[in-house]
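These notes concern the structure reproduced below.
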Amino acid sequence: MSAGVEYEPVIGLEIHVQLKTRTKMFCCCELSFGDEPNVHTCPRCLGLPGTLPAVNAQAVHYGIMIGLALGCEIAPRSQFHRKNYFYPDLPKGYQISQYDVPICGPGRLGEVRIHRVHLEEDAAKLVHVGQSGRIHGADRSFVDFNRGGTPLAEIVTEPDLHSADDAREWLTLLRTTLRAIGVSDVNMEEGSLRCDANVSLRPRGSTTLGTKTELKNMNSFRFLAQGVKAEIERQTQLLRAGQEVTQETLHFDPASGRITSLRSKEEAHDYRYFPEPDLVPLVVDAAMLEAARAELPELPSARAERFEQTLGLPRDRARDLAFRTELADFYEDTVAAGGAAADPVAVANWIPALVERIGSDGDPAQSRVTPAALAALVAMVVSKSVNQTAARDVLSMLVESGGDPARIVEREGLGAIDAADSGLAEIVAAAIAANPDAAEKVRGGNMKATGPLVGYVMRETKGRADGGEITRLIREQLGP
Amino acid sequence: MLERETVDHVARLARLELSDAETGKMAVELSKILDHIEAIRELDLDGVEPTSHVVDIVNALRADIPQPSLPRAVALASAPEPTDAGFGVPSPGASAE
Amino acid sequence: MLDLTAAAAAAAIAAGELDPAEYFELYRGRAAADELNAFSWVASEPASGGFKRDAPLAGLPLGVKDLFCTEGVPTQAGSKILEGYRPPYTATVVEKLFDAGATLLGKTNQDEFAMGSSNENCAFGPVRNPWDHSRVPGGSSGGSAAAVAGGLVPWALGTDTGGSIRQPAAFCGIVGLKPTYGSCSRYGMIAFASSLDQAGPLTRDVTDSALLFRHMVGQDANDSTSLAFPEEIRLPTGQDLSGVRLGVPEELLATEGGIDPGVRANFDAALEIARGLGATVQACHLPHAQHALSAYYIIAPAEASANLARFDGVRFGLRVEGDGDLTSMYSRTRSVGFGAEVKRRIMLGTYALSSGYYDAYYGTAQRVRTKIADDFKTAFSEFDFIVTPTAPTTAFELGSKSADPLAMYLNDYCTVPMSLAGIPAISIPSGVSDGLPVGLQLAGPSFSENRILDAAYALERAIGFDGSVARGGSAR
């Protein structure tokens, strides 16, 4: 009985990325974005008799870039294959893909090993008309070939992930990386990033893999995490009850949280792969590699590494920044604007506050806050000419209407008061006198009771006193 | 001799519908041809590379430059069930019974 | 006018001595009155735009095998599944010939999807041999061959995958050339076996063959497997065969079923003529050629099974609704639309590629292919050309071989090895046996077409074959 055994989830991902070329993988039709059905087709992508494919050079270039970004071996020689099956969204009755000689071999991104990357063409779009608009219960379907033939890169990982959250986090890293190198929009909601998950369980400590199921068609990061969690739960229940996991393809419905079977083993396809006779082999030479390398920007994981090592950021802060290109770019521009006196760690600490104010999907470069303004603000905080609270207000004002922080501080009277000039010590003494209970507690050693005292001082100084200075004076006056 | 089951399976893969008589005939004909072909499996082909292409070309790549697509009416011109929503087909999910 | 070769007619038209409209009408009339069933479609008038001036092939009517896409004109590939289909584009080689001035006379009948050696697998009826209407013209380019031999068109396009230009040329007493693989674009040629298919000319003589071929060659960006021909195609001038070393692959000629004695006698006589012209003739060794047919009947059906998957009733062609579901629509459409031979080959190909069988069949066949290509390379280090009879027999009677698919496949015994190796080969008439034409095949290394044409030309002149009797009466 498997009731007492602890199971470890083993997750591998299969990701399809639509490449941002101008034309399709094997023909010269433009890629389509929500246009009328069947206005971006030609005899080739319709699979009309007599047509032959012609490989898009830019798609190959992007494929090499992806491979380099993921640390993959780039195959010196690779081949396209035909993957044969019948479906209305597959006009030729086969998909041109790559089989045993893909363009990219093993690599790595972060904690996850990449098994391979290959190029292929996307299927067309099938629209179902019936009660629910979904395939079950529909009578008639309609095929729109606009999407058919769009270049795809398929990225397959090794089963190196062990939780739904890890999967989601890693997929985010992949997305950032691919966005950074500019080969795809990688937008899950729009379909330019699609992810299937292979999920299995094994007893903790075991090295043998359990039977895996394939979860398909999750179209957001949140649903992916939910779906994987639900599948892990389902498999756990099965195994605890002494039953076996069946190898099958599954669908997760986020609305109900239920997992249903899409296809069973019996309908497993025999794809009858053979080398595509209409396409000659791809040979990636030094020039092609160099061209791809030259177009690669600094990759997020390398950038995070640099933030940690060279700029001294803590690992988590480094990764949070580096894994979002817009934030990392703005951050570095701000540090640069601060000149030699800039404190990279301090600047990094202010980015979350900025993000809070512009929205988590916002791009700071599109906001009214300039890197120079933020740099100046941070410098003022560091030199204590403005306290934290006031600085947050200034930031809000910068987001609202832009401008120069020094001028805002002056205009609003938000400058930190000089402790000696302002008679801060007298105000602290007055606070102690007005709050005997709190003062007693503090005297007794409970530093957490300073709240009312600090509040009194802040009110008296209209929030301009430096919090650290207040605390120091309280300690001084009340001992020990 | 090819079994009828095998013929049925291959016909399914190929989306061909064969009557009972046709299946029987196909089994006989295919078996005859396969028997004849068997001889090549006896050859010593160790270390011989397969030929997928007889031309000595690599990297036939096309510039990423758009060309005009077909007008929709032309794309749909030969379709059995042309509609504005797309090429009409029986739904893949619809069952036979 | 009927006796003019295409080259002679082109010259006469260019010199203003022959009226292209009259010339076209002569052939159009004969094609329309066709009793051979060579045509599936005949133009009612010359193409719009009239006859080009100052174009090398100006005014020459052309027959085009129905396997080639011709925009707006029926393209049926001999199949019910494409009945009435009109493509929205034209095949590259056809377009090139139109650019050179040729004008479409008609689409010729063929074995369905180029699968066959007798043109009996045509959904629109068998084609008859002009030499004897009770006999087959050969296949799969039987319509083109019969039309040229029967004087219904000066010249025509065919396709050759395992012998489909050469064998009908032999059966009909005309010249058929299968070029080096890759020298003519396959774009617009409905695919049968992608790594073997090639377009080629069917003509009355070797000069016409060179002329038509010259305007067909060229690399096409739309066909990744096409390449530029390294030399310009010349019109042949070969006077003799001095210094030419001919190799006869005896083990290939010792086929099961063997070469018909009349054909063999004719072949030996032709070799004598070659010696008379100065050639040396010796036995050559092609150890794996005897396995070519087996390898071919795995590779070709395998590729065809995938190429024909697009005929599914969704976007074009025949659709037969099944029981309401998609799978039965697919199966019923394909079962009604495809003929028996096509189904047989799809089944064979699907089986050969299916899980568990790939290595044993397809993988093995591709290796045998390598050996065959190597055999030829080795032979060509000692010989200039390999010579064989084109086909083991002369034209057989309609229906006489249709009961046994294997017997039909043996027609291709001598032509298939060259297809597998991708090398060029020509068939020229070498005489008659029992009143029926016999073909002689000359094969050379890749891109040796100019030399093949020269040698064939010299032989043709010496043999002096007269095909006019087949053109003489269309009612026989």
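Computation of the quantities below employed the complete heavy-atom set of this structure, encompassing side-chain atoms and omitting hydrogens, waters and symmetry-equivalent molecules. Remember, it's a predicted structure, so these values are computed and weren't measured experimentally. Per chain, numbering begins at 1; letters A, B, ... match sequence-line order.
Here the CD1 atom belonging to I64(A) is positioned 12.0 Å from the SG atom belonging to C72(A), to the nearest 0.5 angstrom. Interatomic distance, NZ of K343(C) versus CG of L308(C), reported as 12.5 Å (0.5 Å rounding). Note that the SG atom of C122(C) and the CG atom of D66(C) stand 8.0 Å from one another [nearest 0.5 Å]. Here the CG atom belonging to N84(A) is positioned 11.5 Å from the OG atom belonging to S354(C), to the nearest 0.5 angstrom. Within the model, atoms OG of S195(C) and OH of Y181(C) stand 6.0 Å from one another, a figure rounded to the nearest 0.5 Å.
For the side chain to side chain contact (heavy atoms under 4.5 Å, CB included) with R186(C), the lone residue among T159(C), D220(C), T225(C) that qualifies is T225(C).
Between S78(A) and Q98(A) the shortest side-chain heavy-atom distance falls below 4.5 Å. Inter-residue side-chain proximity for L19(A) and L152(A) is flagged as unmet; no heavy-atom pair is nearer than 4.5 Å.
Interface remark: of the candidates L48(A), L279(A), L46(A), L48(A) forms the most heavy-atom pairs closer than 4.5 Å to chain C. Looking only at heavy-atom pairs under 4.5 Å with chain A, the residue among L82(C), T327(C), N307(C) that has the most is N307(C).
Remark: the backbone N or O of Q247(A) is not paired with any side-chain donor or acceptor of K212(A) at under 3.5 angstrom.
Note: F192(C) and Y296(C) have perpendicular aromatic rings, judged against thresholds of 30 and 60 degrees for the angle between ring planes. Aromatic ring pairs are classed by plane angle as parallel below 30°, tilted from 30° to 60° and perpendicular above 60°; the pair F26(A) and F80(A) is perpendicular.
For a residue to count as touching a neighbouring chain, one of its non-hydrogen atoms must lie under 4.5 Å from one of that chain's; by this rule Y187(C) touches chain A with backbone and side chain alike. With a threshold of 4.5 angstrom between heavy atoms, A77(C) does not approach chain A through any atom at all. Residue P87(C): no heavy atom, backbone or side chain, is found under 4.5 Å from chain A. Interface remark: D278(A) contributes backbone and side-chain atoms alike to the contact with chain C (heavy atom separation under 4.5 Å). When heavy atoms are compared at a cutoff of 4.5 Å, Y357(C) does not approach chain A at all. Using a 4.5 Å cut-off between heavy atoms, Y94(A) touches chain C through its side chain atoms alone. Both the backbone and the side chain of A306(C) come within contact range of chain A, each with at least one heavy atom under 4.5 Å from a heavy atom of that chain. When heavy atoms are compared at a cutoff of 4.5 Å, F311(C) approaches chain A solely by way of its side chain, counted from C-beta outward. Proximity to chain A (any heavy atom under 4.5 Å) is restricted, for A221(C), to the backbone atoms N, CA, C and O. Contact annotation for Y273(A): only backbone heavy atoms (N, CA, C, O) come within less than 4.5 Å of a heavy atom of chain C.
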_Trace of the salt bridge (charged side-chain N to carboxylate O under 4.0 Å, His left out) decision for K24(A) with E120(A)_ = CA-CA 10 Å; K24(A) 296 186 178 183; E120(A) 61 184 25; over 6 Å; no

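Near-neighbour residues of residues 31-44 of chain A relative to chain C, defined by a heavy atom under 4.5 Å from a heavy atom of that chain, comprise P43(A), R44(A).
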